[in-house]
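Here is the structure we will look at.
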Amino acid sequence: MATIVAFHAHPDDEVLLTGGTIARLAAEGHRVIVVVACDGDVKDGPEQGRRLEELRASAAILGADRAVHLGYADSGHGPVLYEDPPGRTRFARADVEEAAGRLAALLAEEHADLLLSYDPHGGYGHRDHVRVHQVGAQAARLAGVRVVEATVPRELVVRVARPLLVLRLLTRHRLNEMRGYGMPQSVITHRIDVRRYAGQKRAALAAHRTPVSGRGRSARAFRLLLRSPLPVFRAVCGTEWFPEPGGRTGELVARDHAAGPDRPA
């Protein structure tokens, strides 16, 4: 049994980027810990903390052993970076070394064998996602743990973006910007077939009721995805992608997995 830590920016990212991989690894007998940097609350209010509750429900559906909040506040997406809320620091303002130290301590505590993090662009440039890459890379170095970085193929992003832009399901993104999202197919080292776990992935996404029930276009896209027939959901969300720094290929977690590169087997 290996221990895998899946490090994400916000509640619901764990499903969208790695939900099938988490479910597959858990089904294969590995121990998976989901860690989110941010609580998902951009502003204080009566629903504060609800998104972390939804995260715990989602993690349980995927088969993860536990869900952990690294302790930071959501930075939001857009030109304005709000002041830090009382007692919390927005993740985009977090000191990388301090945050990496927190994550590295958790990796050591859990005797982690593999860290799932984000590509250098954070997928689509969200400041919290970019910080996840920075913190995850440094934490992996500190803890001596192998790391792979969740992404999407850049070529696929462009193909999918065009109809979504036409339907106005995407409004905060421009096609020219989206050409730089994700990573080129040529650098992706691990393509994980998660079609068998599509039902779990969809149920875990549905557990995130707050973003799904919102009024924005992203909420509409979530609802459209959740209401699609399972074969359609499976076709859309049945593969997850990871480049590994250094270009290592092969199984994401071998059946006779080795310990991290700087830790004894």
Side-chain angles (χ1 to χ4, degrees), residues 3-19 21-22 25 31-44 47-60 62 64-77 81-150 204 207-208 210-211 242 260:
T3 296
I4 298 94
V5 172
F7 181 40
H8 288 276
H10 315 102
D12 77 35
D13 289 331
E14 84 287 349
V15 183
L16 296 169
L17 289 166
T18 64
T21 300
I22 292 171
L25 290 170
R31 186 166 182 263
V32 185
I33 313 298
V34 177
V35 180
V36 292
C38 308
D39 51 16
D41 298 317
V42 178
K43 299 179 182 179
D44 291 341
E47 296 184 353
Q48 188 173 340
R50 178 177 294 181
R51 294 198 65 190
L52 290 176
E53 294 176 5
E54 294 168 352
L55 169 72
R56 288 187 281 271
S58 165
L62 294 173
D65 189 75
R66 60 187 288 224
V68 180
H69 175 216
L70 202 60
Y72 296 97
D74 196 320
S75 306
H77 185 58
L81 178 58
Y82 295 101
E83 293 297 319
D84 291 340
R88 294 178 295 153
T89 301
R90 297 202 186 277
F91 191 47
R93 291 197 181 98
D95 180 81
V96 171
E97 292 297 325
E98 178 189 37
R102 292 188 191 184
L103 181 58
L106 187 144
L107 293 171
E109 174 190 335
E110 295 291 350
H111 304 287
D113 300 285
L114 177 67
L115 174 66
L116 310 184
S117 187
Y118 290 177
D119 71 44
H121 309 287
Y124 65 104
H126 190 299
R127 51 193 166 215
D128 284 334
H129 287 231
V130 173
R131 188 67 93 205
V132 163
H133 167 77
Q134 296 165 345
V135 169
Q138 179 62 4
R141 285 190 289 268
L142 290 172
V145 172
R146 179 178 157 230
V147 60
V148 297
E149 299 174 341
H208 290 282
T210 300
F242 303 87

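Predicted model only: the values in this text are computed from it and were never measured.
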Is the centre of the Tyr118 ring less than 6.0 Å from the centre of the His126 ring? no
Shortest non-hydrogen contact from Ala64 to Val34? CB-CG2, 3.8 Å
Parallel, tilted or perpendicular: which one describes the rings of Phe91 and Tyr72, with boundaries at 30° and 60°? tilted
Which heavy atom of Ser58 sits nearest a heavy atom of Val15, and at what distance? OG-CG2, 3.2 Å
To the nearest 0.5 Å, atom CZ of Arg31 lies from atom NE2 of His111 at 9.5 Å
How about Glu98: does its CD atom have over 12 heavy atoms from other parts shown lying under 6.0 Å from it? yes
Smallest separation among heavy atoms of Asp39 and Ala73, with atom names: OD1-CA, 3.7 Å
Any residue meeting side chain to side chain contact (heavy atoms under 4.5 Å, CB included) with Glu53, in chain and number order, not counting sequence neighbours: Arg56
Residues which pass side chain to side chain contact (heavy atoms under 4.5 Å, CB included) with Ala100, listed by chain and number, not counting sequence neighbours: Val135, Gln138, Ala139, Leu142
Testing Leu115, Thr18, Val36 for side chain to side chain contact (heavy atoms under 4.5 Å, CB included) with Phe7, which one passes? Leu115
Value for CG (Asp12) from CD (Glu14), rounded to nearest 0.5 Å, stands at 6.5 Å
Residues in side chain to side chain contact (heavy atoms under 4.5 Å, CB included) contact with Val68, at least two apart in sequence or another chain: Ile33, Val35, Arg66, Leu106
Between atom CG of Asp41 and atom CZ of Arg88, what is the distance when rounded to the nearest 0.5 Å? 6.0 Å
State which residues pass side chain to side chain donor-acceptor pair (under 3.5 Å) with Asp13; sequence neighbours excluded, sorted by chain then number. His10, His129
CG of Asp84 to OG1 of Thr89, rounded to nearest 0.5 Å, is 5.0 Å
Has the side chain of Arg102 got a donor or acceptor atom that lies under 3.5 Å from a matching backbone atom of Leu70? yes
List the atom of Glu149, the atom of Asp119, and the distance in Å for their closest heavy-atom pair. CB-N, 3.6 Å
List for me each residue that meets side chain to side chain contact (heavy atoms under 4.5 Å, CB included) alongside Leu81, sequence neighbours excluded, and say none if there are none. Ser75, Arg90, Ala92, Arg93, Arg127
Quick check: closest heavy atoms across Arg131 and Val96, and the distance to 0.1 Å? NH1-CG2, 3.4 Å
Going from CD1 on Ile22 to CG on Asp65, what distance comes out if it is rounded to the nearest 0.5 angstrom? 12.0 Å
Would you call Ile4 and Asp113 a side-chain contact if the rule is heavy atoms closer than 4.5 Å? no
Taking every non-hydrogen atom, the tightest pair across His8 and Leu17: CE1-CB, 4.0 Å
Checking Asp74 now: which residues fulfil salt bridge (charged side-chain N to carboxylate O under 4.0 Å, His left out) with it, not counting sequence neighbours? none
